[in-house]
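Below you'll find the structure, written out as structure tokens, and then a few comments.
Keep in mind that what you see is a predicted model, and the values were worked out from it rather than measured. Quick note: residue numbers are just sequence positions, from 1.
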Amino acid sequence: MTLPLLVVTAVAAEAEAVRAGADPTHVVVEPVGVGPAAAAAGTARLLATGNYCAVISAGIAGGFVGRAPVGSVVLGVRSIAADLGAETSDGFLPVDELGFGTSVISADPALVKALAAELPDAVVGDVVTLSTVTGTQATADRLAKSYPQAVAEAMEGYGVAVAAAGLPFAELRTISNPIGPRDRGAWRLKEAFAALSTASGRLWTACG
Ligand SMILES: O=C(O)c1cccc(C(=O)CC[C@H]2O[C@@H](n3cnc4c(=O)[nH]cnc43)[C@H](O)[C@@H]2O)c1
């Protein structure tokens, strides 16, 4: 029998949205906390106590303006730790350039292909992971320029990818807000959760 797919979210509301759409006979859904550290620790714990065919970091996200509109589904091909590194007078230096590992983890190509086939309207691109939600136009512009393939930002993908440690990994997001000046009242949570439920209905095929 095929092993189940593990889907990790940050918060309970995201897990409920995934469960509303996903087939419980093929998909296990767990909230593990907000941010890359909680995501990595929670995912590692789940993978140590269960057998899964793959792990997906799922939830809502901010979308880069002009790349992923509010309400859209995003499928991550790479999860990038965009604030792991050093600040210099010339700008941000990623951990890669410091010689301490990599800030970029690629999703499993076969898993991405299978999900993309099930989610033909998804915006496919990189997803940046940040510990701090972007709240100014200046930061949004810097990130858009530094990560031209990035379509969304969230707070967990890179942490889940590190914990996956070779198990097939991917990131699935639905866009609740544009990345830019903070306007919490403008987040379209209802639309993003509904899109997450619909997309989750296609996850049962992920492991063949
Ligand atoms: O306020 C609420 O009612 C509420 C209900 C459910 C979830 C939330 C969250 O804030 C989820 C946090 C989760 O969302 C991701 N996220 C969403 N937008 C962004 C963004 O613009 N930049 C970074 N992360 C974003 C993130 O992964 C958080 O873990 C609120």
> Would you say Met155 and Leu143 are hydrophobically clustered, going by side-chain heavy atoms of ILVMFWY under 4.5 Å?
Replying inline: no
> Heavy-atom distance under 4.5 Å between the side chains of Ser72 and Ile175, does that happen here?
Replying inline: yes
>> Given 3.5 Å as the limit, does a donor-acceptor pair link the side chain of Arg173 with the main chain of Ile60, or not?
In response: yes
> Do Asp126 and Val151 pass the side chain to side chain contact (heavy atoms under 4.5 Å, CB included) test, and can you show the C-alpha distance, the side-chain angles, and the key distance before you say yes or no?
Replying inline: CA-CA 6 Å; Asp126 295 342; Val151 294; over 6 Å; no
> Got a second to check how far Ile179's CD1 is from Thr134's OG1, nearest 0.5 Å?
Replying inline: 6.0 Å
> Which heavy atom of Ala154 sits nearest a heavy atom of Ala61, and at what distance?
Replying inline: CB-CB, 4.1 Å
> If you measure from the Lys or Arg side-chain nitrogens to the Asp or Glu carboxylate oxygens, is any gap between Arg19 and Glu14 under 4.0 Å?
Replying inline: no
> So Arg45 and Glu30, salt bridge (charged side-chain N to carboxylate O under 4.0 Å, His left out) or not? Walk me through it.
Replying inline: CA-CA 11 Å; Arg45 176 180 54 81; Glu30 294 290 346; over 6 Å; no
> Gln137 and Gly180: which non-hydrogen atoms are nearest, and at how many Å?
Replying inline: OE1-CA, 4.4 Å
> If you look at every heavy atom in Val128 and Ala82, which pair is closest and at what distance?
Replying inline: CB-CB, 3.8 Å
> Is there side-chain contact between Val112 and Leu75, with at least one heavy-atom pair below 4.5 Å?
Replying inline: yes
> Are any non-hydrogen side-chain atoms of Thr205 and Leu115 less than 4.5 angstrom apart?
Replying inline: no
>> Quick check for you: to the nearest 0.5 Å, what is the distance between Ile56 atom CD1 and Leu111 atom CG?
In response: 5.0 Å
>> Which heavy atom of Val74 sits nearest to which heavy atom of Ala68, and what is that distance?
In response: CG2-CB, 3.8 Å
> Would a hydrophobic clustering, with Ile, Leu, Val, Met, Phe, Trp and Tyr connected at side-chain separations under 4.5 Å, put Trp187 with Val34?
Replying inline: yes
> Of Asp23, Val29, Leu172, which meets side chain to side chain contact (heavy atoms under 4.5 Å, CB included) against Leu203?
Replying inline: Leu172
> Applying the side chain to side chain contact (heavy atoms under 4.5 Å, CB included) test to Val55, which of Leu5, Leu46, Val8, Asp108 qualifies?
Replying inline: Val8
> Can you name the one residue among Thr129, Leu130, Val104 that meets side chain to side chain contact (heavy atoms under 4.5 Å, CB included) with Ile80?
Replying inline: Val104
>> I need the minimum non-hydrogen distance between Val127 and Gly76, along with the two atoms involved.
In response: CG2-CA, 3.9 Å
>> Just so I know, are the side chains of Val95 and Phe100 near enough to count as touching, which here means a heavy-atom distance under 4.5 Å?
In response: yes
> Is there side-chain contact between Val18 and Thr9, with heavy atoms separated by less than 4.5 Å?
Replying inline: yes
> What's the verdict on side chain to side chain contact (heavy atoms under 4.5 Å, CB included) for Tyr158 and Leu84, showing C-alpha distance, side-chain angles and the deciding distance?
Replying inline: CA-CA 10 Å; Tyr158 180 82; Leu84 183 61; 3.9 Å; yes
>> I'd like to know if Val160 and Leu167 are part of one continuous hydrophobic network [Ile/Leu/Val/Met/Phe/Trp/Tyr, side-chain heavy atoms within less than 4.5 Å].
In response: yes
> Which pair of heavy atoms, one from Ala107 and one from Ala170, lies closest together, and at what distance?
Replying inline: CB-CA, 3.9 Å
> Does the side chain to side chain contact (heavy atoms under 4.5 Å, CB included) test come out yes or no for Phe169 and Ser57, once each step is laid out?
Replying inline: CA-CA 8 Å; Phe169 159 83; Ser57 173; 4.0 Å; yes
>> Please check: side-chain N/O of Glu191 versus main-chain N/O of Gly71, any donor-acceptor pairing under 3.5 Å?
In response: no
> Do the side-chain N and O atoms of Glu171 and Ser79 include a donor-acceptor pair separated by under 3.5 angstrom?
Replying inline: yes
> When hydrophobic residues are tied together by side-chain contacts of less than 4.5 Å, even through go-betweens, does Phe64 share a cluster with Phe92?
Replying inline: yes
> Please walk me through it: do Ser200 and Ser197 pass side chain to side chain donor-acceptor pair (under 3.5 Å)?
Replying inline: CA-CA 5 Å; Ser200 298; Ser197 297; over 6 Å; no
>> When you compare the side chain of Arg188 with that of Ser176, does any pair of heavy atoms fall below 4.5 Å?
In response: no
> Just by distance, do the side chain of Asp96 and the backbone of Ser103 share a donor-acceptor pair under 3.5 Å?
Replying inline: yes
> Would Val123 end up clustered with Val77 when hydrophobic side chains under 4.5 Å apart are linked, directly or stepwise?
Replying inline: no
> How far apart are the C-alpha atoms of Asp121 and Val73, what are their side-chain angles, what is the distance that settles it, and do they pass the side chain to side chain contact (heavy atoms under 4.5 Å, CB included) test?
Replying inline: CA-CA 7 Å; Asp121 294 332; Val73 177; over 6 Å; no
